[in-house]
Amino acid sequence: MIRDEIRILVKQALTNAQAAGDIPQFAAPEVTIEHPQRAEHGDFSANLPLRIQGLAKMKAIEVAEALRNHVPNHTAISEITVAPPGFLNLYLDPNWVTDQIATIIDSGSDYAATQRFAGQRAQIEYVSANPTGPVHVGNGRGAAIGSTLANVMRSAGYEIAEEYYVNDAGTQVSIFGRTLYARYQQLFGRDVDIPENGYPGEYMISIAKAVKEAHGDTFLRSENEGADPEFAQIGIGIQIENIRNDLKLMGVEYDEWFSERSLMTENGSYDAIIRLLRDQNFVAERDGAVWFTSTEVGESKDNVLIRSDGAPTYYATDIAYHYDKFIIRNFDRVIDIWGADHQGHVSRVKAGVTAVGGEPNKLDILLYQLVTLKRQGKVVILSKRAGEIITLRDLIDEVGADATRFFFLSPSANQAMDFDLDLATKQSDENPVYYVQYAHARIAGIIAKAREEGKSSDSANASLLSHEAEQTLIRKLLQLPEVLETVVDDLAPHHLAHYAQELAQAFHTFYTQCRVINDDESLTKARLLLLEAARVVLARTLTLMGISTPDRM
RNA sequence: GCCCCCGUAGCUCAGUGGACAGAGCAGCGGACUUCUAAUCCGCCGGUCGGAGGUUCGAAUCCUUCCGGGGGUGCCA
């Protein structure tokens with residue numbers, strides 16, 4: 001990308017200036033190139049002179065002058081200026097800019113893809129909500145972040161496995177099973193109550209009905225007997241299918257639904273990590289429970305692996321799961337995306353991973369802050385225990401999948417988020433996602449009309465595109481590679497949502513100021529060419545976000 | 001108590017070492033005989049929570065205080 005080329009030019013300028021004796025010798029720091037806020041400061045700027053003025057024992061402005069004289073020629077750069085207190089400002093050549101349109105169109109749906117991480121396998125685990133109930137709104141945020149990050153990382157060359165960890169073992173599942181069995185018995189006329197800490201939601205009745213439909217009274221036992229152990233798993237299976245369908249509404253589909261139970265059966269990772277921890281004397285028995293003495297590896301406290309009732313904790317199976325990710329499947333990189341309510345779990349999972357032979361620096365745990373729903377300015381309480389919960393499916397029904405994803409994607413992950421249902425529904429015309437999609441629809445409309453009129457971009461002369469709005473739009477198109485790099489390096493997909501709005505804005509401004517189909521045949525051709533490039537980049541941006549690209553609205 | 005996240009325009013948020021701090025919404029004023037007005041243009045709006053410090057330069061880094069959220073289970 002052009003920013004990288006400019007970075008090399010500036011670095012070379014320093015080397016040249018030092019070789020020429022205009023700047024003293026010293027080791028060059030990392031060169032950073034940025035976009036100045038103000039257009040009169042150029043397309044790119046380097047603050048290197050300010051950074052090295054101390055090393056050079058020169059005034060920054062003099063360093064800048066010396067550097068400017070030694071920047072190698074490059075077809076993309078038409079002018080370099082020095083600005084106080086010591087910036088080097090670089091201006092793109094308008095003809096080089098218009099030449100890039102063809103490159104963008106040629107790349108098509110691969111535009112801004114790179115091979116930066118080619119050959120590396122990364123696993124991204126996200127949502128992983130308990131299969132004991134519906135996915136709620138907060139899980140939707142994880143879904144939007146995770147699937148977008150997966151898309152963008154794939155475009156950077158990673159081979160990505162998207163995965164949902166199914167907590168189909170443990171305490172919550174047995175409570176689920178007991179609740180479901182009570183509902184199941186009720187369907188056969190028995191007067192039983194759901195357990196005290198059970199799941200009161202209506203959906204449990206639906207699952208019970210589904211079991212009854214598929215299996216009849218097969219699972220009905222005598223009154224004072226508990227349910228068949230398999231019964232809960234059948235219910236869990238049904239609920240997983242519901243979750244899969246709900247997430248699919250948002251365009252989220254996984255490569256793997258990984259069963260927690262399997263770790264303790266055919267997978268074997270659970271036994272493996274217990275053995276590994278024992279072999280290293282990281283295990284102690286206290287109060288009838290088995291503990292990981294994680295204080296020995298720097299944790300603030302020890303953690304239980306096996307409860308006094310013999311059941312493994314979530315923590316133990318999570319270590320086993322990560323053992324599977326790192327040791328069995330040997331991923332080069334693992335990214336877990338969790339809600340901030342799991343924040344206390346981060347450090348001890350890393351400690352566990354380290355203790356069983358994984359490399360904690362290959363594990364990134366991306367936390368997103370919690371989502372609160374607001375309706376009529378009031379917070380809607382979200383709880384599986386409360387009678388009325390708003391599920392992800394409800395939200396998508398109300399708001400639509402595209403707006404849901406865009407809303408979840410817009411704020412940075414570590415910003416707590418209010419999802420204003422009134423804004424997202426009643427005032428949906430003002431929703432930014434429509435602004436972006438409308439730009440795409442407008443482009444599609446013009447291209448279709450041009451085709452009807454027999455006009456095309458064949459043998460267009462792009463250098464005619466000298467209008468300020470045209471140049472601004474093309475320069476914005478050229479920024480997508482930079483945005484994607486930031487998204488991957490910072491694990492911050494929200495930048496894509498902001499870029500999408502900036503891109504749409506550049507287009508709408510162009511649309512207003514520059515009529516595409518006009519009396520000047522060669523200008524029409526050139527602008528149609530620009531439209532094709534804009535469509536490529538806009539579609540690419542929306543597709544990476546998992547948002548549709550309507551041709552009309 | 002301790003740990004994590006946040007505090008930027010009336011509201012929702014970008015910006016996390018650079019130039020005069022930005023956008024959307026809201027408010028005010030303009031622009032449709034034109035390829036979609038779900039649009040565009042202009043105006044208004046800020047002690048970047050407070051105070052110290054580091055730096056040529058701080059919304060950004062450090063310290064401390066205040067305020068909001070989350071965590072601190074033999075739940076997940």
Side-chain angles (χ1 to χ4, degrees), chain A residues 32 34 36-38 40-41 45-47 50-51 53-54 59-60 83-87 89 128-130 132 165 167 169-173 175 197 260 286-291 300-301 303-315 317-318 338-347 367-370 372 377 407 410-418 420 423 427-439 441-450 452-453 455 490 494-495 497-498 501-502 504-505 507-518 524 527-528 531 552-553:
Chain A
T32 57
E34 57 188 20
Q37 286 183 9
R38 307 174 74 81
E40 66 257 36
H41 291 144
S45 74
N47 61 11
L50 292 154
R51 304 255 310 279
Q53 57 183 321
K59 285 182 180 172
F87 289 100
N89 293 330
S128 301
N130 263 342
T132 53
Y165 181 49
N167 299 120
T171 314
Q172 295 306 318
V173 170
I175 295 170
N197 294 317
E260 179 185 4
R286 286 200 293 269
D287 309 322
V290 176
W291 297 70
S300 58
K301 60 192 188 77
N303 293 99
V304 172
L305 293 169
I306 306 174
R307 292 194 288 258
S308 50
D309 66 2
T313 59
Y314 168 76
Y315 179 48
T317 52
D318 222 11
W338 298 347
D341 53 339
H342 288 61
Q343 165 256 120
H345 198 51
V346 171
S347 156
L367 297 176
Y368 59 89
Q369 297 297 312
L370 300 184
T372 49
F407 262 67
S410 291
S412 83
N414 45 21
Q415 180 77 239
M417 164 180 190
D418 283 336
D420 188 332
L423 185 78
Q427 302 178 22
S428 61
D429 286 1
E430 289 150 16
N431 193 311
V433 69
Y434 295 111
Y435 179 80
V436 178
Q437 288 181 316
Y438 185 49
R442 272 183 153 175
I443 292 170
I446 300 169
I447 289 175
K449 184 177 161 72
E452 277 171 31
E453 296 181 8
K455 296 178 175 171
D490 297 352
H494 73 280
H495 292 296
H498 288 271
Q501 290 180 84
E502 289 172 9
Q505 182 181 47
F507 168 75
H508 286 307
T509 297
F510 157 79
Y511 175 92
T512 307
Q513 296 186 15
C514 303
R515 191 173 169 79
V516 175
I517 300 172
N518 60 69
T524 299
R527 285 180 174 166
L528 282 171
L531 277 194
R552 60 181 55 198
M553 288 174 71

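By convention in this document, chain letters (A, B, ...) are assigned in the order of the sequence lines, proteins followed by strands, and residues within each chain are numbered from 1.
Side-chain nitrogen and oxygen atoms of A:H495 include at least one within less than 4.0 Å of the OP1 or OP2 phosphate oxygen of B:G15. Phosphate contact (OP1/OP2 of B:G70, side-chain N/O of A:Q343, threshold under 4.0 Å): absent. Distances shown here put every side-chain N or O of A:S128 at or beyond 4.0 Å from the OP1 or OP2 atom of B:A76. Contact between the side-chain N/O atoms of A:S410 and the OP1/OP2 oxygens of B:A14 is not found at any separation under 4.0 Å. Using a 4.0 Å cut-off, no side-chain N or O of A:Q53 falls inside it from OP1 or OP2 of B:G57. Residue A:R38 has no polar side-chain atom (N or O) positioned under 4.0 Å from OP1 or OP2 of B:A21. Not one side-chain nitrogen or oxygen of A:Y165 sits closer than 4.0 Å to the OP1 or OP2 atom of B:A76. Taking only side-chain nitrogens and oxygens, A:Q501 never comes nearer than 4.0 Å to OP1 or OP2 of B:C13. In terms of phosphate contacts, A:H498 brings no side-chain nitrogen or oxygen within less than 4.0 Å of OP1 or OP2 of B:G22. The shortest distance between the side-chain N/O atoms of A:Y435 and the OP1/OP2 oxygens of B:C40 is below 4.0 Å. Here A:N414 reaches the OP1 or OP2 of B:C6: one of its side-chain N or O atoms lies under 4.0 Å away. For A:R307 and B:C75, the shortest distance from a side-chain N or O to OP1 or OP2 is below 4.0 Å.
The environment of A:R552 atom CZ is sparse: at most 12 non-hydrogen atoms of other residues, nucleotides or ligands sit within 6.0 angstrom.
Across all strands, A:A60 comes closer than 4.0 Å to no nucleic acid atom at all (heavy-atom distances). Using a 4.0 Å heavy-atom criterion, one finds that A:S412 contacts the sugar-phosphate atoms exclusively. Using a 4.0 Å heavy-atom criterion, one finds that A:A448 contacts no nucleic acid atom at all. In this structure, A:E40 reaches the bases: a heavy-atom distance under 4.0 Å links it to at least one base atom across the strands shown. Residue contacts for A:D490: at a heavy-atom cut-off of 4.0 Å it reaches no nucleic acid atom on any strand shown. Nucleic acid contact class of A:D309 (heavy atoms, under 4.0 Å, all strands): none. Contacts of A:Q513 with the nucleic acid, taken as non-hydrogen atoms under 4.0 Å apart, are absent. Looking at heavy-atom distances under 4.0 Å, A:Y315 makes no contact with the nucleic acid at all. A:Q37 comes within 4.0 angstrom of sugar-phosphate atoms only, judged by non-hydrogen atoms across all strands, and of no base. A:H508 comes within 4.0 angstrom of the backbone, heavy atoms only, and of no base. Within the nucleic acid shown, A:A289 comes within 4.0 Å of at least one base atom, counting heavy atoms only. A:S308 comes within contact range of at least one nucleobase, with a heavy-atom separation under 4.0 Å. Nucleic acid contact class of A:Q505 (heavy atoms, under 4.0 Å, all strands): sugar-phosphate only. Using a 4.0 Å heavy-atom distance criterion, A:L370 is classed as a sugar-phosphate-only contact.
Stacking between A:F87 and B:G18 is absent: the aromatic ring centre is not both under 5.5 angstrom from the base six-membered ring centre and within 30 degrees in plane angle.
There is a side-chain donor-acceptor pair under 3.5 Å between A:R307 and A:T171. Side chains of A:D318 and A:H345: a donor on one and an acceptor on the other come within 3.5 Å.
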Using Watson-Crick or G-U wobble pairs with both distances under 3.5 Å, give me RNA chain B in dot-bracket, 5' to 3', with [ ] for crossers and | for pairs to another strand. ((((((((.[[[[.)..(...]]]].(((((.......))))).....[[[[[..)....]]]]])))))))....

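Taking CD1 of A:I517 as the start and CD of A:E453 as the end, the distance is 5.0 Å to the nearest 0.5 Å.
Out of B:G69, B:A19, B:G18, the shortest distance to the side chain of A:H41 is found at B:A19.
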